Amino acid sequence: MTAENHATLEQFMNGVKKSNPGQVEFHQAVQEVAEDIFDFIQDKKEYHEYQILRRMTEPDRVISFRVCWEDDNGNIRVQRGWRVQNNNSIGPYKGGLRFHADVNESVLKFLAFEQTFKNSLTGLAIGGGKGGSNFNPKGKSDHEVMRFCQSFMTELYRHVGADVDVPAGDIGVGAREIGYMFGQYKRITNQFTGVLTGKGLEFGGSLIRTEATGYGAVYMLQQMLTRVGKTIEGLTAVISGSGNVATHAAEKVVHLGGKVVTLSDSGGFIHDPDGITQEKIDWVKHHKTHRRGRISAYADEFPSAKFYPNQRPWGINCDIALPCATQNELNGDEARLLVKNGCIAVSEGANMPTNLEGVHVFKEAQILYAPGKAANAGGVAVSALEMSQNSSRLSWSEDQLQKLLLDTMTGIHDRCVAYGGAAGTNHIDYVRGANIAGFKKVADAMLAYGVV
Ligand code: NDP
């Protein structure tokens, strides 16, 4: 076996760009990881010889397919579906399905790549995958969504399975969509297995799955603060998004005595200087999930708030920030503004919400900064617990699961600390810690398999 020609980071990234033309989100995700891994593997010959990082950036497979469905007016609609199976070295592929108009192969490849590191970081036996469609659920009737989900699963079913690949929800895919897809899988295969997570409690779902990502992101924040002798109590939080992750992150901040002052969606953000209380969060959950409404209506319902159309919340003064909407929703200038306004900690509920420049700003300012692959891993961790409950045909109690979630987030925090520290300083680079800890477990499994 010949040693890899120790390419520079730039040469490596040029290769990634050449093999994946135009896939800018994927390039960005790989670059962020490679910046740390290149340094870590510098003196580790075996990772070079076996071209581990290069192999990790080439998904095991990318499946794409046509999804046809009929809308309520009888028109035939054509969408594209994907499943990116990135890496199953440490367990079956696992990762959500996203239904959003902006979904494309680049977005799903970045998400599947990130998912591989995230799932490894949880310490559980799950590999990385991601999928979805450019179907836009906004404004569609329940029956239209059902027909789309059934058509999507009619193709996807042949590529997934309880020990093969176990999808879950993500943007645009919640309990309703999972129910329709699980029903179709069961109909086609005549099997009742844990092929999807995020299911309803009546048919194999797990308690606290819905809350897990948002709660987990706040547990991560709490652990980072505790390490430096601080707590969430009395701190002001700026949160973006108003979906599953954002509302549950807000809920946990409020439980822990913090004050949440913003939420957002793709139409803009609301600022409520009086604080978004549990009662107001319950209103948002109902408004977004059941009425499928817009966050702007919050300012009509609660006069203490103001709606800022087409703007993001990062200019509002805060101590802590939780980006919980989507990728690249926080740029370098916004990161600088947060730091300048005194923000001491950022925990990412969303995947890759901060662009590369913003990541560098947070790193250089040495604030407490937990990247999505560490901070939002609580959701997939509870999904893995749902898989365990399904295969043993048991349901665990809420108390058990809450404890497991907290233990998992503590484990993730501690793994980041183990790999993200530097001699002579108390500061932890959580991005570096998460990248290296996530990489190492997968890389070592790949070494054990030889060249496959
Ligand atoms: P939801 O669909 O429940 O909510 C998404 C939220 O983000 C909505 O408020 C939505 O607003 C907003 N949003 C979506 N796209 C944009 C955009 N282009 N600009 C501004 N706002 C936008 O999704 P989740 O809460 O489940 O997911 C949010 C993030 O968390 C994603 O990055 C996802 O990958 C990540 N994540 C989710 C997990 C989960 O368990 N659900 C697990 C781990 C990570 P609008 O209504 O206007 O579209």
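Throughout, numbering of the chain's residues begins at 1 and tracks the sequence. Since the structure is predicted, the reported quantities are computational estimates derived from the model, not experimental observations. Note that ligands are numbered from 1 as they come in the structure, with each ligand's atoms numbered from 1 the same way.
Across the listed options N136, T247, T326, D265, D265 owns the non-hydrogen atom lying nearest to atom 10 (C) of ligand 1. Among I171, V107, V245, the residue whose heavy atom lies closest to atom 37 (C) of ligand 1 is V245. By heavy-atom distance, the residue among A246, A325, S383 lying nearest atom 31 (C) of ligand 1 is A325. Of the candidates D170, L111, V380, D170 brings a heavy atom nearest to atom 33 (C) of ligand 1.
Those atoms of ligand 1 with a heavy atom of N376 less than 4.0 angstrom away are 43 (C), 44 (C). Taking every heavy atom of G172 and a limit of under 4.0 angstrom, the matching atoms of ligand 1 come to 2 (O). Near K138, with a cut-off below 4.0 Å to any heavy atom, the atoms of ligand 1 are 45 (P), 46 (O), 47 (O), 48 (O). Each of the following atoms of ligand 1 lies closer than 4.0 Å to a heavy atom of A350: 29 (C), 30 (O), 32 (O), 35 (C). Which parts of ligand 1 touch R98 is read off a 4.0 Å heavy-atom cut-off, strictly below it: atoms 31 (C), 32 (O), 33 (C), 34 (O). Listed by number with element, the atoms of ligand 1 under 4.0 angstrom from any heavy atom of S242 are 9 (O). Atoms of ligand 1 lying under 4.0 Å from at least one heavy atom of C324, given by number and element, are 28 (C), 29 (C). Per-residue contacts place G241 under 4.0 angstrom from the following atoms of ligand 1 (heavy atoms of the residue considered): 9 (O).
Residue A335 comes nearest to L330 through the heavy atom pair N-CD2, 3.6 Å, listed as atom of the first residue, atom of the second, then distance. Taking each heavy atom of V84 and A112 in turn, the nearest pair found is CG1-CB, 3.6 Å. In terms of heavy-atom proximity, M446 sits nearest to R55 at CE-CB, 3.7 Å. V166 and A162 get closest at one heavy-atom pair: CG2-O, 3.5 Å.
Note that NZ of K440 and CG of L121 are 13.0 Å apart. Values are rounded to the nearest 0.5 Å. Between the CZ atom of R415 and the OH atom of Y419 there is a distance of 10.0 Å, given to the nearest 0.5 Å. Residue H248 holds its NE2 atom at 12.0 Å from CD1 of I239, rounded to the nearest 0.5 Å. Here S151 contributes atom OG and M146 contributes atom CE; the two are 12.0 Å apart, rounded to the nearest 0.5 Å.
Using a 4.0 Å cut-off between heavy atoms, E329 makes no contact with ligand 1 at all. Only the side chain of R209 comes within 4.0 Å of ligand 1, judged by heavy-atom distances.
Ranking protein heavy atoms by distance to atom 46 (O) of ligand 1, first place goes to K288 NZ, 3.2 Å. Closest protein heavy atom to atom 38 (C) of ligand 1: T213 OG1, 3.7 Å. From the protein, the heavy atom lying nearest to atom 15 (N) of ligand 1 is H100 NE2, 3.6 Å. Protein heavy atom closest to atom 4 (O) of ligand 1, with residue, atom name and distance, is G243 CA, 3.4 Å. Summary of contacts: the protein heavy atom closest to atom 32 (O) of ligand 1 is N351 N, 3.2 Å.
At least one N or O atom of N244, backbone or side chain, sits closer than 3.5 Å to an N or O atom of ligand 1. At least one N or O atom of S266, backbone or side chain, sits closer than 3.5 Å to an N or O atom of ligand 1.
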**Message:** Evaluate S106 against E25 for side chain to side chain donor-acceptor pair (under 3.5 Å), listing each step before the verdict.
**Reply:** CA-CA 6 Å; S106 168; E25 292 85 0; 2.6 Å; yes
**Message:** Applying side-chain contact (heavy atoms from CB on, under 4.5 Å) to I281 and V254, what does each step give before you reach the verdict?
**Reply:** CA-CA 10 Å; I281 295 168; V254 170; 4.0 Å; yes
**Request:** For side chain to side chain donor-acceptor pair (under 3.5 Å), just list the numbers for R209 and S383, CA-CA rounded to whole Å, side-chain angles, deciding distance to a tenth of an Å, and then say yes or no.
**Result:** CA-CA 7 Å; R209 172 59 190 92; S383 276; 2.8 Å; yes
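Assignment of M352 to the shell around ligand 1 is not supported, since no heavy atom sits closer than 4.0 Å. Ligand 1 lies nowhere less than 4.0 angstrom from a heavy atom belonging to Q327. Distances shorter than 4.0 angstrom occur between a heavy atom of S264 and an atom of ligand 1. Ligand 1 is never approached by R312 to a heavy-atom distance shorter than 4.0 Å.
Look at D407 and K403 and you find a salt bridge, because one of the NZ, NE, NH1 or NH2 atoms lies within 4.0 Å of a carboxylate O, short of that distance.
For F135 and F152, the gap between ring centers reaches or exceeds 6.0 Å. Here Y369 and Y430 keep their ring centres 6.0 angstrom or further from each other.
With I270 as reference, I276 is the one residue of T262, V261, V284, I276 to meet the side-chain contact (heavy atoms from CB on, under 4.5 Å) rule.
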